[in-house]
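Scope of the values below: all heavy atoms of this structure, side chains included, with no hydrogens, waters or symmetry mates.
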Amino acid sequence: MIPDWKVVQDYLEILEFPELKGIIFMQTACQAVQHQRGRRQYNKLRNLLKDARHDCILFANEFQQYCYLPRERGESMEKWQTRSIYNAAVWYYHHCQDRMPIVMVTEDEEAVQQYGSETEGVFVISFKNYLDSFWPDLKAAHELCDSILQSRRERENESQESHRREYPEHLPLEVLEAGIKSGRYIQGILNVNKHRAQIEAFVRLQGASSKDSGLFSDILIHGMKARNRSIHGDMVVVELLPKNEWKGRTAALCENDSDDKSSGESPSEPMPTGRVVGILQKNWRDYVVTFPSKEEVQSQGKNAQKILVTPWDYRIPKIRISTQQAEALQDFRVVVRIDSWESTSVYPNGHFVRVLGKIGDLEGEIATILVENSISVAPFSEAQMCEMPVNTPENPWKVSPEEERERKDLRKTHLVFSIDPKGCEDVDDTLSVRTLSNGDLELGVHIADVTHFVAPNSYIDIEARTRATTYYLADRRYDMLPSILSADLCSLLGGIDRYAVSVMWELDKTSYEIKKVWYGRTIIRSSYKLFYEAAQELLDGNFNIIDDIPEFRDLDEKSRQAKLEDLVWAIGKLTDIARHVRAKRDRCGALELEGVEVRVQLDEKKNIQDLIPKQPLEVHETVAEFMILANHWVAKKIWESFPHQALLRQHPPPHQEFFSELRECAKAKGFFIDTRSNKTLADSLDKANDPSDPIVNRLLRSMAAQAMSNAVYFSTGSCAEEEFHHYGLALDKYTHFTSPIRRYSDIIVHRLLMAAISKDKKMEIKENLFSNKDLEELCRHINNRNRAAQHSQKQSTELFQCMYFKDKDQETEERCISDGVIYSIRTNGVLVFIPRFGIKGAAYLKNKDGLVISCGPDSCSEWKPGSLQRFQNKITSTTTGGESVTFHLFDHVTVRISVQASRCHSDTIRLEIMRNQPYMIPDTELFHQSSLLLKSDLVKEVTRSVEEAQLAQEVKVNIIQEDYQKYCQTKGRSLYTLLEEIRDLALLDVSNSHEI
């Protein structure tokens, strides 16, 4: 089957069906998608071609001597594209010696008439007829096809009926390109403000625009008209307005612009303001939407089959679709895809794709988060699993004799052990240290050799590359690699032979300076699988903990004592070396921006009983420091060997203007933050300590982290060496090498390291290395997937926070009242941080009725007529009766936490100031330590509630099956399975959410 260009554009999601295999995509059709449908659609097409499971092929028909057809004078581009694709189909039929019938599918009725009977063996039919003839039982594809056809017919009818333009036409591409070149127009990515989606968007400058325009800030796009049919994420071309028409961004708090009645607050200083005159690349994707209620459908007008649906993402405009199922789907989250946005239409047009789940249902909301972040993680296929090694009791995996000859064997010479969270199963790093015969030390970092099991361009490699990372949500994870690797053969478990890639340094015995380094493949057998707390106890000299270390249990006293001495020496020496390495980075300006975690104590029914502060352990720092050291040295090695095609990680210095709020907040407490370099910033943050309130330093560090740009992967051939620097870690070169189980970037780095070793030995390089261009494209993909992973993790955490507080009695439920700290002042309210739960949110001082907050003699708040006056570090509320209350930066206030429910969007946490005094809880010591609620325990609480609700529903409708009566267990997704996943989550170090 060969699809015409229009079929590829309009029916791509049907062509993605796994049943449709072996499609031949012509170059002409692919280029039409690239130029007319935008980057996202084109990337979806490219991913389809790369996915070996679909067995599709790209044929460069325009570069083939007998297929190329020049465009005739007066011939439209569309007719030429269809003629070219048909000509290539005919050539291919003859190339196959007329033995293989060819089906060309097209939406051009004239082409069906003209070419349908022209060449015997080449059938030209419509896509609808193709599905009817070849896939009559593929119901989902037929429904989707009908939806697309109906949407197209209605668009055509509208364009015939309406001549009134809602938006100006976009300028032709050649005019845009010339304008960008001359400096008249500026290109960049459109970023819509989700809190003011209807009126406020910004264009982030890209490429030459940022250097040639002379602008040092984003460009404000004010209002939907100025946005001119561009959607969040589009690459747009902007024309600046005259300076007297420039506007400022609004400084008021708001949920969204329509709900904010107090938006008359004064905006900030005017900034460059423009309007969109063209779109270079559309960022259209699948969107999760909510259908209007029955009343809303009736209010939308005469034709109820054509309705406006509201996207889950505030930044996306409403989408008009045609359906007869509006009433049946009004309680569900639904996926739609945008087809077009004509200048005559206020809203874009789209079509229905599929149903996700019920609004408010946990699984439906998780599915929404996945779709919104373009995360698609189907179970690993049979073809992928067939590539996996076998490790069963009947056929256990063992080290091969060939690998024993090729690798350095450390099993009898090195004391290797791991330090991980308690109960961790996917152990991808181990450590070793020993004294050499010359008295110097040998330090080793040993990482799971994933690339031994994952061959380049194999099915599993392609899948891992597509996923790019393991996705960690609040209550589950989606692994990049199958569990046979991630939790078994690539997990460096205690007492089991495993393949590793090792970096070993020879250190001076006193100064710990590095004398030499060795890289290579090894065989290890980890002696101990320690958890952090046990390693810390041994470091502190508390040896009673060895009863909790399985490897010591069956030893006689003499052996136990000897092994204990060796282990304690190794942990102590590693800690000493790590202190030296960290001090060296600190002197160069390494930043410490992390907060504190707390363990939540639960009762037997999984209710939160107490909050126990969890102090950071020194062994956490020790392990992290050696991972950073290994990443740094591997980065240097692969860059030296492949200076133009090594994958490194850079962390650019932040823009100084992003630190303005940090400097202002610190000044309010009498601190000066010097942001000229990472060194001065680190020193300033260390000094900014308020002994009476540790939260101050934590908030300042959090604000510094927010000012940072994101660290990203890049190919060394794409930028100058001076741009390689990692600002946060204060290192000249850095990469990711230590977690190949969960990051595809590390797999690439392992292959580069193996190629570098082969190059040093003057051996043939077996690894298939990426060119600079291909590596740069891969880095963009990985960076994109990492951002999706971060967003989905954050959104799922917010989902569970809302579910945790939802339906709780705000007056009697203790968890709904908490202490908060003001960390930012706005014109109509303040931003508050709640240390106990790690929540940040807005607390309004003026409500929608125009009333302002007032605090009486007992400090309790109420709403009264009045006004607000904002200063740099404080805000004052004054009632018409003369009462006034002032809130300062870093004031502690008592806050009520509730949930703002939303049918169309995600629920949000709502904060309300109850008293202008700190919330005092019985345990004052716990209050002063002010720690976070551990994410995994919040998840347990919510999951328990969800499961109880599901069980109650089953009992209510009296559907009690036989196995439930016998075993008290429901079919399908059981509570045991969910809690097992949560247990796995609890093993992760969830405190480090800002990975650099």
Side-chain angles (χ1 to χ4, degrees), residues 192-201 224 227 231-233 253-261 263 283-301 304-323 325-338 341 345-374 791-792 794-803 805-807 841-842 848 898-910:
V192 177
N193 180 352
K194 75 172 183 178
H195 300 295
R196 294 186 171 278
Q198 294 299 310
I199 61 171
E200 208 166 72
M224 291 295 290
R227 218 174 292 174
I231 291 176
H232 175 79
L253 293 173
C254 57
E255 293 159 18
N256 56 57
D257 72 288
S258 60
D259 292 337
D260 182 32
K261 305 298 183 188
S263 59
N283 192 43
W284 297 355
R285 56 173 172 82
D286 287 352
Y287 298 102
V288 179
V289 303
T290 305
F291 277 64
S293 64
K294 191 174 181 180
E295 294 75 20
E296 290 171 325
V297 170
Q298 291 171 352
S299 69
Q300 281 190 16
Q305 290 185 1
K306 194 185 332 181
I307 62 169
L308 289 173
V309 293
T310 305
W312 184 84
D313 187 341
Y314 280 103
R315 299 168 300 183
I316 308 302
K318 289 183 178 180
I319 302 168
R320 185 169 52 182
I321 69 168
S322 299
T323 181
Q325 305 178 62
E327 191 171 336
L329 293 174
Q330 60 184 291
D331 295 327
F332 292 86
R333 301 267 188 233
V334 173
V335 178
V336 303
R337 187 171 289 181
I338 294 178
W341 195 346
S345 174
V346 177
Y347 300 103
N349 299 297
H351 65 268
F352 167 89
V353 177
R354 67 183 187 277
V355 176
L356 285 183
K358 270 204 160 189
I359 297 171
D361 175 67
L362 177 60
E363 292 306 313
E365 297 300 323
I366 290 290
T368 294
I369 290 170
L370 293 177
V371 170
E372 281 296 319
N373 290 284
S374 302
H791 291 157
S792 60
K794 179 175 180 287
Q795 288 164 354
S796 68
T797 301
E798 290 169 351
L799 168 65
F800 272 82
Q801 285 174 340
C802 288
M803 295 183 81
F805 289 106
K806 202 168 188 179
D807 302 325
K848 295 178 181 180
S898 60
V899 175
Q900 181 76 47
S902 173
R903 185 171 164 274
C904 298
H905 311 287
S906 60
D907 292 347
T908 52
I909 293 291
R910 183 166 170 265

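- Among all heavy-atom pairs drawn from R227 and A201, the shortest one is NE-CB, 3.8 Å.
- Of all non-hydrogen atoms in I319 and G350, the two that sit nearest each other are CG2-N, 3.8 Å.
- E365 places a side-chain N or O within 3.5 Å of a backbone atom of G360 that can act as its donor or acceptor partner.
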Determine whether W312 and S906 satisfy the following criterion, side-chain contact (heavy atoms from CB on, under 4.5 Å), listing intermediate values before the conclusion. CA-CA 7 Å; W312 184 84; S906 60; 3.5 Å; yes
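- Of all the heavy atoms in L799 and I369, the pair that sits closest is CD2-CD1, 4.3 Å.
- With salt bridges taken as basic N to acidic carboxylate O contacts below 4.0 Å, one links D286 and R337.
- In this structure, F291 and V309 have side chains that are in contact, with non-hydrogen atoms separated by less than 4.5 Å.
- With H232 contributing its side chain and I316 its backbone, the two residues share no donor-acceptor pair below 3.5 Å.
- Of the residues listed (Q795, H791, R285), the one engaging E372 in a side-chain hydrogen bond (donor to acceptor under 3.5 Å, both in side chains) is R285, and it is the only one.
- To the nearest 0.5 Å, atom CG of residue N193 and atom CD of residue E200 are 5.0 Å apart.
- Taken from CZ in F800 to CG in L362, the straight-line distance is 4.5 Å, to the nearest 0.5 Å.
- Counting all heavy atoms, side chain and backbone alike, Y287 lies closest to N283 at OH-O, 3.7 Å.
- We find that D907 and K806 are joined by a salt bridge, their nearest charged nitrogen and carboxylate oxygen being less than 4.0 Å apart.
- With contacts defined as side-chain heavy-atom distances shorter than 4.5 Å, the pair S345/R320 qualifies.
- Looking at V288 and V334, their side chains never come closer than 4.5 Å, going by heavy atoms from C-beta outward.
- Separating the CD atom in E327 from the OG atom in S293 is a distance of 10.5 Å, to the nearest 0.5 Å.
- For the atom pair CD (Q198) and OH (Y314), the distance works out to 11.5 Å, reported to the nearest 0.5 Å.
- Ion pairing of K358 with E363 is absent here, as no side-chain N (NZ or NE/NH1/NH2) approaches a carboxylate O to less than 4.0 Å.
- Side-chain contact check for R903 and T290: no donor-acceptor pair (N or O, by modelled atom type) lies under 3.5 Å.
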One pair to check against side-chain contact (heavy atoms from CB on, under 4.5 Å): K318 and T310. What are the steps and the verdict? CA-CA 5 Å; K318 289 183 178 180; T310 305; 3.6 Å; yes
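- Between the side chain of D361 and the backbone N or O of G357 there is no donor-acceptor pair closer than 3.5 Å.
- From W284, atom CH2 reaches atom CD1 of I338 across 6.0 Å, with rounding to the nearest 0.5 Å.
- A distance of 9.0 Å separates CD1 of I366 from OG of S792, quoted to the nearest 0.5 Å.
- Residue R333 comes nearest to S902 through the heavy atom pair NH2-O, 4.3 Å, listed as atom of the first residue, atom of the second, then distance.
- Minimum interatomic distance between W341 and V346 (heavy atoms only, all atoms of both residues): CZ2-O, 3.2 Å.
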